[in-house]
Amino acid sequence: MGTPQHQQSATMPVLKLIVLGITLYTLNYLRKLHTNYKLARSTHLNVVISPLDPYGMIWQLTQPLLNSYMRLLPERLSLWFKVMDMGWSWELDDYVHRKLGSSFVVVSAERNVIYTCDKEAVQWVLGRRKDFLKPDVYEALDIFGRNVDTVNGDDWSRHRKLTAPCFNERVSSLVWDESLRQGRSMLSHWLSQGKISDMVDDTRTLALHVLSAAGFGVSHDFLEGNAKPAEGHLMSHRDALTTILRNLVTSIVLSQMPWAKRVVPKKLKDVCLAISEFRLYMDELLASEREVMRKEKGFSKPNLISTLIRTSDEAKAEGVQSAVRLTDEEIKGNIFIFNLAGHDTTANSLAYALTLLALHPEIQAWVVEEVDEVMREENSEYESLYPRLKRVQAVLYETLRLYGPVPNVPRAVSGPNKTLQLTCSSSSPSSTYTLSIPPNTSLNLSLHAAHTNAAYYPDPTSFKPSRWIKSTSSPSSLQTEELLPQPPSFNPWSSGPRICPGMKFAQVEFAAVLAILLHSARVSPALRKDGHGPEYEERARKEVYGVMRDSALNGPTLSMNRPEDLWLKIAKR
């Protein structure tokens, strides 16, 4: 056994190596940070220095742990932390941009990120899909296969060509009819209760059922639904999808580790089971739809999956190169992304809209005036009624402006010598200039900050659906009202070539459900305990508003943190 002196001398080289390693790492870190800082300064935009990479794994793991501590620091020390939180734009509206400018740069040792809420810059980026790509982070959504939302370049053109026919007017008509049916059932359920606290769960069930009917040709009753596992399954289609969507990050990780289901805790085993069950459901859907098309000699109902299979199989049958068709894995990948993009987003939009209307009875009455005029007709056809629900669409626009599902949109730069068009801050709002994007720089479009920017929307934090309506005569009437087009500063469905293909699907579903609800019922704030009088109503308003504002990015989209605490009174009109 060696003496302490011998042990100390043996330890010294190890300590020196550790110190040397830390020193070299620190010097390299500072070198890269200094290089990126110089690149950021060349833009002449305001700069925020961050010690961590906004998209790095270290930040993703430590950010939830640092939240409570960083909020205690003075703003000048914690500003970098605020802008690296993907939900900052939602929480702070355009506050950070008012302090740092409509565009600014976050500098880290790994990369620079230009954050912008400039409507000119947003449109410039969204209109140039080949210059500004979906970053690698989107590939995490390839759980079941590559899809139209995650691919770039020629692959995107192929996916877009074959998925675009899924969203046509025949499908819109089907969405309208199914949304009316589900809306009537949900309303009947709500009226039987009088007061509800499960609105968000109910709108999710409704959205899933509409998607199931329009997407897969499978209809369900609102209350019974598809809660029971199908034959040969351990989990229902609804529960499998809901489990994946509510545990999306976990699902992404576990989908890359199929062996994990043997060692993970029980809660995570449920996620593993949901992944395998949902994959099996999609396999069965593909097989079933192909069998129906074979028996009917190519004819099938106008749903998303039948159109997706038909367009892909026709490309193969016509002898077109395989590059222009979708593999079964890619079909399943697109089915999943349709579910992801068309389920929680529409459900949450309905929930936020109903809550906002409950808090603003004067606006609810304004919308009801139109709904009663349109929905009193015996004819309930999509082509006749939907185009006339302009105020209802205005409610959707205003809800998405304030509670849009995606506050920020990241974009990668495809190569050197790319430019960004920005608004000149020192001259008229219509003047622009072109910025050369430095190397090792990506972009983040602050959509919510643009949506709450006073330069684009007067009184930006107020709920005013009427801002989306204009009248072609004076005095105005329902017949002379028009829905204003979406301005460049408004991008809840994105814009340009990669605009959300399901936009019309969501608009039709929202309009049908809101119209059928408001035609027969009045919505108002409530509390868990019953009560009456002005004091009760004021407390109910404050409580409902507080629950609604307590929202965050839960997974990929904005949603309420405590939906079970939101109580609404549903009364028959």
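Any value given below was found using the heavy atoms of this structure, including those in side chains, with hydrogens, waters and symmetry copies removed.
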Asks: Which atoms form the tightest heavy-atom contact between L254 and L268, and what is the distance?
Replies: CD1-O, 3.7 Å

Asks: Could you pull out all residues at least two apart from R184 that satisfy side-chain contact (heavy atoms from CB on, under 4.5 Å)?
Replies: L180, I516

Asks: Are D283 and K332 close enough, and set up right, to give a side chain to side chain contact (heavy atoms under 4.5 Å, CB included), and what steps lead you there?
Replies: CA-CA 8 Å; D283 287 337; K332 287 185 283 187; 2.7 Å; yes

Asks: Sequence neighbours left out, what pairs pass salt bridge (charged side-chain N to carboxylate O under 4.0 Å, His left out) with at least one residue falling in residues 348-357?
Replies: none

Asks: Rounded at 0.5 Å granularity, tell me how far CG in D198 sits from OG1 in T203.
Replies: 9.5 Å

Asks: Apply side-chain hydrogen bond (donor to acceptor under 3.5 Å, both in side chains) to S384 and list each qualifying residue two or more places apart in sequence or on a separate chain.
Replies: N379

Asks: Could you pull out the closest heavy-atom pair between S349 and T399, with the gap in Å?
Replies: O-CG2, 3.7 Å

Asks: Do you know which two heavy atoms are closest between V395 and A353, and how far apart they sit?
Replies: CG1-CB, 4.1 Å

Asks: Cut-off 3.5 Å, side chains only: do S251 and N247 have a donor facing an acceptor?
Replies: no

Asks: Between CG of L359 and CZ of R541, what distance do you get to the nearest 0.5 Å?
Replies: 5.5 Å

Asks: Taking side-chain hydrogen bond (donor to acceptor under 3.5 Å, both in side chains) as the definition, give me every residue that meets it alongside S551, ordered by chain and number, with sequence neighbours left out.
Replies: Y352

Asks: Taking E277 for its side chain and M235 for its backbone only, find out whether a donor-acceptor pair lies under 3.5 Å.
Replies: yes

Asks: Listed by chain and number, what are the ring-ring contact (aromatic ring centres under 6.0 Å, His included) partners of F336, not counting sequence neighbours?
Replies: F144

Asks: Return the CG to CD distance between N147 and E139, rounded to the nearest 0.5 Å.
Replies: 10.5 Å

Asks: R411 vs R129, test: side chain to side chain contact (heavy atoms under 4.5 Å, CB included). Steps then yes/no.
Replies: CA-CA 10 Å; R411 281 292 187 269; R129 68 172 182 87; over 6 Å; no

Asks: Under 3.5 Å, side chain of S179 to main-chain N/O of V175, donor-acceptor pair present?
Replies: yes

Asks: My understanding is that only residues two or more places apart in sequence, or in another chain, count here; which of them pass ring-ring contact (aromatic ring centres under 6.0 Å, His included) with Y386?
Replies: Y382

Asks: Atom CG of L208 and atom CG of D239: how far apart are they, to the nearest 0.5 Å?
Replies: 9.5 Å

Asks: Within the distance-only criterion (no hydrogens, no angle test), does the side chain of Q393 pair as donor or acceptor with the backbone N or O of L483 below 3.5 angstrom?
Replies: no

Asks: Using side chain to side chain contact (heavy atoms under 4.5 Å, CB included) as the criterion, point out the one residue from L350, T242, N348 that pairs with R204.
Replies: N348

Asks: Could you point out which residue of R181, Q182, E178 forms a side-chain hydrogen bond (donor to acceptor under 3.5 Å, both in side chains) with H209?
Replies: Q182

Asks: Test the K134-Y138 pair against the cation-pi criterion, namely NZ or CZ under 6.0 angstrom from the six-membered ring centroid and within 45° of the ring axis.
Replies: yes

Asks: Carefully, step by step, assess K504 and E169 under the rule salt bridge (charged side-chain N to carboxylate O under 4.0 Å, His left out).
Replies: CA-CA 9 Å; K504 185 67 174 291; E169 285 299 278; 3.0 Å; yes

Asks: With sequence neighbours excluded, tell me which residues meet ring-ring contact (aromatic ring centres under 6.0 Å, His included) with F338.
Replies: F167

Asks: If you take all heavy atoms of L357 and I363, which pair is closest and at what distance?
Replies: CD2-CG2, 3.9 Å

Asks: Is it the case that the side chains of W468 and E398 hold a donor-acceptor pair, with the cut-off being a distance below 3.5 Å and no angle test?
Replies: yes

Asks: Hey, is the main chain of I335 close enough, under 3.5 Å, to the side chain of N339 for a donor-acceptor pair?
Replies: yes

Asks: Under the side-chain contact (heavy atoms from CB on, under 4.5 Å) test, which residues partner L527, sequence neighbours left out?
Replies: Y536, R539, A540, E543

Asks: Taking atom types as modelled, find out whether E284 and H233 have a side-chain donor-acceptor pair closer than 3.5 angstrom.
Replies: yes

Asks: Under 4.5 Å between any side-chain heavy atoms of M199 and W190, yes or no?
Replies: yes

Asks: Decide whether N334 and H159 meet the rule of one side-chain donor and one side-chain acceptor closer than 3.5 Å.
Replies: yes

Asks: For R391, enumerate each residue passing the side-chain hydrogen bond (donor to acceptor under 3.5 Å, both in side chains) test, keeping only those at least two apart in sequence or located in another chain.
Replies: E369, E481

Asks: Would you say the side-chain atoms of T205 pair up with the backbone N or O of D201, donor to acceptor, closer than 3.5 Å?
Replies: yes

Asks: Please check if atom CZ in R522 has more than 12 non-hydrogen atoms from other residues, nucleotides or ligands closer than 6.0 Å.
Replies: no

Asks: Given 3.5 Å as the limit, does a donor-acceptor pair link the side chain of S276 with the main chain of L273, or not?
Replies: yes

Asks: Compare every heavy atom of A521 with every heavy atom of L187, then report the nearest pair and how far apart it is.
Replies: CD1-CB, 3.6 Å

Asks: May I ask you to check whether over 12 heavy atoms, not counting those of K161, lie within 6.0 Å of atom NZ?
Replies: no

Asks: Side chains of D221 and S185, heavy atoms from C-beta outward: is any pair under 4.5 Å?
Replies: no

Asks: Residues two or more places apart in sequence or in another chain: which of them pass side-chain contact (heavy atoms from CB on, under 4.5 Å) with D270?
Replies: K266

Asks: Nearest 0.5 Å, please: how far is CD1 in I309 from CG in L326?
Replies: 10.5 Å

Asks: For the OG atom of S197 and the CG atom of D202, what is their distance to the nearest 0.5 Å?
Replies: 9.0 Å

Asks: Any donor-acceptor pair under 3.5 Å linking the side-chain atoms of H448 with those of N408?
Replies: no

Asks: Quick one: ring-ring contact (aromatic ring centres under 6.0 Å, His included) partners of W493, sequence neighbours excluded?
Replies: none

Asks: May I ask you to decide if V523's main-chain N or O and Q364's side chain share a donor-acceptor pair within less than 3.5 Å?
Replies: yes

Asks: Are the side chain of S288 and the backbone of L285 linked by a donor-acceptor contact shorter than 3.5 Å?
Replies: no

Asks: For L400 and P405, which heavy atoms make the closest approach, and how far apart are they?
Replies: CD2-CD, 3.8 Å

Asks: Does anything in residues 564-573 form a side-chain hydrogen bond (donor to acceptor under 3.5 Å, both in side chains)? List the pairs, not counting sequence neighbours.
Replies: D372-R573, R562-D565

Asks: Would you say the side-chain atoms of E329 pair up with the backbone N or O of R146, donor to acceptor, closer than 3.5 Å?
Replies: no

Asks: Would you call the rings of Y281 and H237 parallel, tilted or perpendicular if under 30° counts as parallel and over 60° as perpendicular?
Replies: perpendicular

Asks: Go through R498 and D149 one step at a time and tell me if the salt bridge (charged side-chain N to carboxylate O under 4.0 Å, His left out) criterion holds.
Replies: CA-CA 8 Å; R498 299 198 70 147; D149 192 49; 5.1 Å; no

Asks: Given the rule in the side chain to side chain contact (heavy atoms under 4.5 Å, CB included) test, do I331 and D328 qualify, once you have shown the distances and angles that lead to the verdict?
Replies: CA-CA 5 Å; I331 291 176; D328 278 6; 4.1 Å; yes

